[in-house]
Amino acid sequence: MKTVLITGASSGYGRAIARHFHSQGWNVIATTRTRPAGVLPESGRLRVVELDVTEPETIVAAFEAAGSVDVLVNNAGVPSIGVFEGTPMARVREVFETNTFGVMATTQAVLPQFRERGSGVVVNVTSSVVLGHMPLSAVYKASKMAVEGFSASLALELAPFGVQVKVVEPGACLTTNFAARATNGGPVDELVPEPYAPWAKSVMHDFASQDLYTKESDVAETVWRAVHDTTGLLRFPAGADAVRLAQAK
Ligand SMILES: NC(=O)c1ccc[n+]([C@@H]2O[C@H](COP(=O)([O-])OP(=O)(O)OC[C@H]3O[C@@H](n4cnc5c(N)ncnc54)[C@H](OP(=O)(O)O)[C@@H]3O)[C@@H](O)[C@H]2O)c1
């Protein structure tokens, strides 16, 4: 029986990915920063293990607890929305610590077993923000573009060892905690200082009135498809809005 380890499985896409792989008969190591009671009922095939991608000791402990892993899904991520001029560098670093360096750290932790075994898949969850023109997300987009570049090069480096790297690019979702976290639960307008406000308002309006969205199940099913892909494809847009952006590109 195969085993998948997923980061950021306490909510949203990560939880949906955990449930999907579990429903397909896999062993699931659902990792979370804290242990939210009840969101993922543990079973003989689903274990909740603590892992904060910015805390190296929790990464080591989680992989020790997990044992043999066939697939790593780097899903944990934090949003950042607003004008770059007003984003403190400390926040920029925080975003990269989770979205970019966190992905690298967990990948480095799993690679020895993948390479020695001659198999394994790393799936990095980025965002459809890499596919289209999206202002007010410079820091977030940079953190995810870095993962796209990292993944493209790493895929070539690992191919001779039978190890695959895939990128799943989800679109915007209304049901995960992400949007609320992006605005700290407050109105989007408050993220935009006065000189940018008139222009930014129309950007925010366009974004809020888009007609296509991504469902949590779209991302879970796309991660499943990416893991089982045998064509060597690297990038997998997930959700109707992401697919449309990828086609337009
Ligand atoms: N929703 C969207 O519109 C959207 C669009 C494109 C891409 N994405 C990407 O999809 C992924 C999942 O997002 P989501 O929409 O499901 O949002 P979400 O509901 O906010 O879930 C994010 C998950 O990441 C975890 N996380 C954050 N920082 C972490 C850290 N340092 N270590 C370990 N886990 C951490 C969170 O854990 P806690 O509960 O402990 O905070 C949570 O489980 C992210 O990579 C995001 O960038 C989302």
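Values below: all heavy atoms of this structure, side chains included; hydrogens, waters and symmetry mates excluded. Given the structure is predicted, the values throughout are model-derived calculations rather than measurements. Start at 1 and go down the list; that is how both ligands and their atoms are numbered.
The pair Asp241-Arg244 fails the salt-bridge criterion, with no side-chain N (NZ, NE, NH1 or NH2) lying under 4.0 Å from an Asp/Glu carboxylate O. Using a 4.0 Å cut-off between charged side-chain N and carboxylate O, Arg235 and Glu148 make a salt bridge.
Here the protein heavy atom with the shortest distance to atom 1 (N) of ligand 1 is Thr176 OG1, 3.1 Å. Closest to atom 41 (O) of ligand 1 among all protein heavy atoms lies Arg33 NH2, 2.6 Å. In terms of protein heavy-atom proximity, atom 8 (N) of ligand 1 is nearest to Tyr140 OH, 3.6 Å. Protein heavy atom at the shortest distance from atom 31 (N) of ligand 1 is Asp52 OD1, 2.9 Å. Looking only at protein heavy atoms, the nearest one to atom 48 (C) of ligand 1 is Tyr13 CE1, 3.4 Å. In this structure, the protein non-hydrogen atom closest to atom 17 (O) of ligand 1 is Phe178 CD1, 3.4 Å. The protein heavy-atom contact nearest to atom 5 (C) of ligand 1 is Gly171 O, 3.0 Å. From the protein, the heavy atom lying nearest to atom 43 (O) of ligand 1 is Ser10 OG, 2.7 Å.
Residue contacts with ligand 1 for Thr31 are absent, since no atom lies close enough (heavy atoms, distance under 4.0 Å). Counting heavy atoms under 4.0 Å from ligand 1, residue Thr98 touches it through the side chain alone. When non-hydrogen atoms are compared, ligand 1 lies under 4.0 Å from neither the backbone nor the side chain of Glu169. The part of Thr126 lying near ligand 1 is the backbone, judged by heavy-atom distances below 4.0 Å.
Taking a 6.0 Å sphere around CD of Glu85, one finds it holds 12 or fewer heavy atoms contributed by other residues, nucleotides or ligands. The 12-atom threshold is not exceeded at NE2 of His205, counting heavy atoms of other residues, nucleotides or ligands nearer than 6.0 Å. Within a 6.0 Å sphere centred on CZ of Arg93, heavy atoms belonging to other residues, nucleotides or ligands number 12 at most. No more than 12 heavy-atom neighbours from other residues, nucleotides or ligands sit within 6.0 angstrom of CD on Gln108.
Near Gly12, meaning under 4.0 Å from one of its heavy atoms, ligand 1 places the atoms 16 (O), 19 (O). The ligand atoms of ligand 1 that sit less than 4.0 angstrom from a heavy atom of Gly77 are 22 (C), 24 (O), 27 (C), 44 (C), 45 (O). Distances below 4.0 Å separate heavy atoms of Val78 from the following atoms of ligand 1: 27 (C), 28 (N). The ligand atoms of ligand 1 that sit less than 4.0 angstrom from a heavy atom of Thr54 are 31 (N). Atoms of ligand 1 lying under 4.0 Å from at least one heavy atom of Cys173, given by number and element, are 1 (N), 2 (C), 3 (O).
Taking the six-membered ring for Trp and the full ring otherwise, the centers of Trp26 and His22 sit at least 6.0 Å from each other. Aromatic ring centres of Tyr140 and Phe84 lie farther apart than the 6.0 Å criterion allows.
Between Ala172 and ligand 1, no N or O atom pair is found at a separation short of 3.5 Å. Of the N or O atoms in Pro170, none lie within a sub-3.5 Å distance of an N or O in ligand 1. Backbone and side-chain nitrogen or oxygen atoms of Ser127 are examined, and none is located within less than 3.5 angstrom of a nitrogen or oxygen of ligand 1. Polar contact check, Gly8 against ligand 1: a nitrogen or oxygen pair lies under 3.5 Å apart. In terms of N/O distances under 3.5 Å, ligand 1 is not approached by Thr34. Checking only distances, Lys144 does come within under 3.5 Å of ligand 1, N or O to N or O.
Neither side chain, Ser217 nor His20, offers a donor N or O lying under 3.5 Å from an acceptor on the other. Of the N and O atoms on the side chains of Asn74 and Thr106, at least one donor lies less than 3.5 Å from an acceptor on the other residue. A donor atom on one side chain and an acceptor atom on the other are not found under 3.5 Å apart for Glu169 and Ser128.
Using a non-hydrogen distance threshold of 4.0 Å, Val219 does not register as a contact of ligand 1.
Counting heavy atoms only, Arg181 comes closest to atom 20 (O) of ligand 1 of the residues Arg15, Arg181, Glu50. When the options Ser11, Ala76, Ala182, Ala30 are ranked by their closest heavy atom to atom 26 (N) of ligand 1, first place goes to Ala76. Selection from Val125, Val53, Asn75 by nearest heavy atom to atom 44 (C) of ligand 1 gives Asn75.
In this structure, Asp206 contributes its side chain and Ser209 its backbone to no donor-acceptor pair below 3.5 Å. In this structure a side-chain-to-backbone donor-acceptor pair under 3.5 Å is missing from Asn99 to Ser143.
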| Run the side chain to side chain donor-acceptor pair (under 3.5 Å) check on Glu97 and Thr54 step by step: do they pass? | CA-CA 6 Å; Glu97 280 298 338; Thr54 68; over 6 Å; no

| task | Could you go through the side-chain contact (heavy atoms from CB on, under 4.5 Å) check for Leu72 and Val123 one step at a time? | result | CA-CA 6 Å; Leu72 164 65; Val123 180; over 6 Å; no

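The hydrophobic cluster containing Val165 also contains Phe63, counting ILVMFWY residues as joined when their side-chain heavy atoms lie under 4.5 angstrom apart, directly or transitively.
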